[in-house]
Amino acid sequence: MSGASARRSLQRRYTAAAIAAGLMSAAFALNGALLHAAPATTLDDYGQLEDPALQARYEHITQDLRCLVCQNESIADSNVELASDLRRQVREMLVAGKSDDAIFAFMTDRYGEFVRFRPPLEPKTLLIWGAPFIMLLLGGAIIYRVVRQRSRLPLDDEPS
Amino acid sequence: MWKFILPFAAFIALAVLFAFGLNPHRDIHALPSPLIGKPAPLFKLTDVEDPARIVSNADLKGQVYVLNVWGTWCVACRQEHEALLAISQQRVVPIIGLDYMDERPKAKQWLDQLGNPYMAVAFDTDGRTAIDWGVYGAPETFLVDGSGRVLFKFISPMTPEVWEHEFLPRIAAARRGGA
């Protein structure tokens with residue numbers, strides 16, 4: 001193979017690679033655009049609330065309420081019928097001018113604290129909220145002890 | 001000394017945790033109802049078989065009753081139906097049905113074919129009564145006393161054993177309490 005043809009073949013390969021890369025990034029971009037184009041819909045056919053402030057509160061509240069059928073999904077994400085009924089409830093209470101606290105109270109009165117993904121900080125939820133810090137302290141104490149003990153050991157890996 | 005006590009204490013703590021947490025008889029999806037001890041939510045719905053007839057638990061004031069939440073879509077409800085029929089034969093307390101997320105013709109067919117253990121069946125058209133009662137599935141069975149307070153909630157298919165051990169003693173106690 002002559003030097004020129006080798007160069008050309010290499011060039012062709014680069015071109016092919018560039019086209020492929022271009023196509024791929026275009027596909028990604030398109031994909032991204034499509035994903036973003038899909039509206040952050042509710043699963044219901046009510047459409048969005050007219051007042052954007054109410055809509056924002058609606059989204060925040062429904063994301064903080066647990067769907068009790070699927071238990072690890074919020075009612076904003078779940079498409080089971082109960083979640084849909086609870087979304088309707090939240091929506092109606094918002095339109096009726098109820099406060100966020102009143103809506104959460106309505107739900108916990110019926111379903112218990114478990115219905116909230118972020119339970120309020122209260123004496124009885126202290127352990128839940130405090131557990132990460134307790135774990136951190138415990139882990140820190142263990143590391144501290146181990147390091148101190150190790151640092152007292154004679155250095156045996158130094159060149160003599 | 002601590003070298004022995006600490007791991008042993010940790011072992012005991014884990015063992016207790018597992019004994020509780022891994023207990024196969026514990027239904028991890030069953031949630032305690034915040035309604036226990038509180039006044040039962042009132043409902044006024046139509047009869048599942050006759051839309052012109054009103055079914056309301058306000059009419060039951062002064063007596064102990066059972067509210068059973070069911071639906072024709074619910075397999076476990078079919079499973080418990082036999083037990084409900086037997087319980088209704090005992091005539092200890094009235095059983096009120098709450099038909100949830102259902103369609104009238106299907107419910108009617110169900111009652112015609114399998115038998116009707118209920119004094120009346122309320123048809124919860126849009127699930128609002130179920131929300132008031134904190135229902136999140138079916139079957140769920142509530143026990144309400146004469147003063148209209150919720151005494152107990154059972155989540156799972158009813159069985160003769162559950163009826164005998166969980167419901168009958170509570171019904172007897174409620175009646176002794178003058179309710």
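These numbers were taken from a predicted model, which means no experiment stands behind them. Here is the naming used below: chain letters follow the sequence lines, and residue numbers restart at 1 for every chain.
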A:Phe114, part contacting chain B, at a heavy-atom distance under 4.5 Å: side chain
Interface residue of largest heavy-atom contact number with chain B, from A:Val80, A:Val115, A:Asp85, under 4.5 Å: A:Asp85
N-O pairing of B:Lys153 and B:Glu140 below 4.0 Å: yes
Contact residues of residues 92-108 of chain A (partner chain B; heavy-atom separation under 4.5 angstrom): A:Glu92, A:Phe106, A:Thr108
Side-chain donor-acceptor distances from residues 137-148 of chain A under 3.5 Å, at least two apart:
unit_1, atom_1, unit_2, atom_2, d
A:Tyr144, OH, A:Arg148, NH1, 3.4

Heavy-atom side-chain contact between B:Asn68 and B:Leu98 under 4.5 Å: no
Any side-chain heavy-atom pair of B:Lys38 and B:Val150 under 4.5 Å: no
Within-4.5 Å side-chain heavy-atom neighbours: B:Pro41 and B:Leu35: yes
ring-ring contact (aromatic ring centres under 6.0 Å, His included) contacts in which one or both residues fall within residues 67-87 of chain B, not counting sequence neighbours: B:Trp70-B:Trp110, B:Trp70-B:Tyr118, B:His81-B:Trp110
Spacing of B:Leu42 atom CG and B:Thr129 atom OG1 [to the nearest 0.5 Å]: 10.5 Å
Largest heavy-atom contact set with chain B, pairs under 4.5 Å, which of A:Glu81, A:Gln89, A:Arg88: A:Arg88
Side chain to side chain, B:Val144 and B:Tyr65, heavy atoms closer than 4.5 Å: yes
Donor-acceptor under 3.5 Å (B:Asp102 side chain, B:Ala107 main chain): no
Interface residues of residues 60-73 of chain A facing chain B - heavy atom cut-off under 4.5 Å: A:Leu68, A:Val69, A:Gln71
Test item: B:Ile155 and B:Thr141 side chains (from C-beta on) under 4.5 Å apart, heavy atoms: no
Part of B:Leu31 lying under 4.5 Å from any heavy atom of chain A: side chain
Residues B:Asp112 and B:Lys108 bridged, charged N to O under 4.0 Å: yes
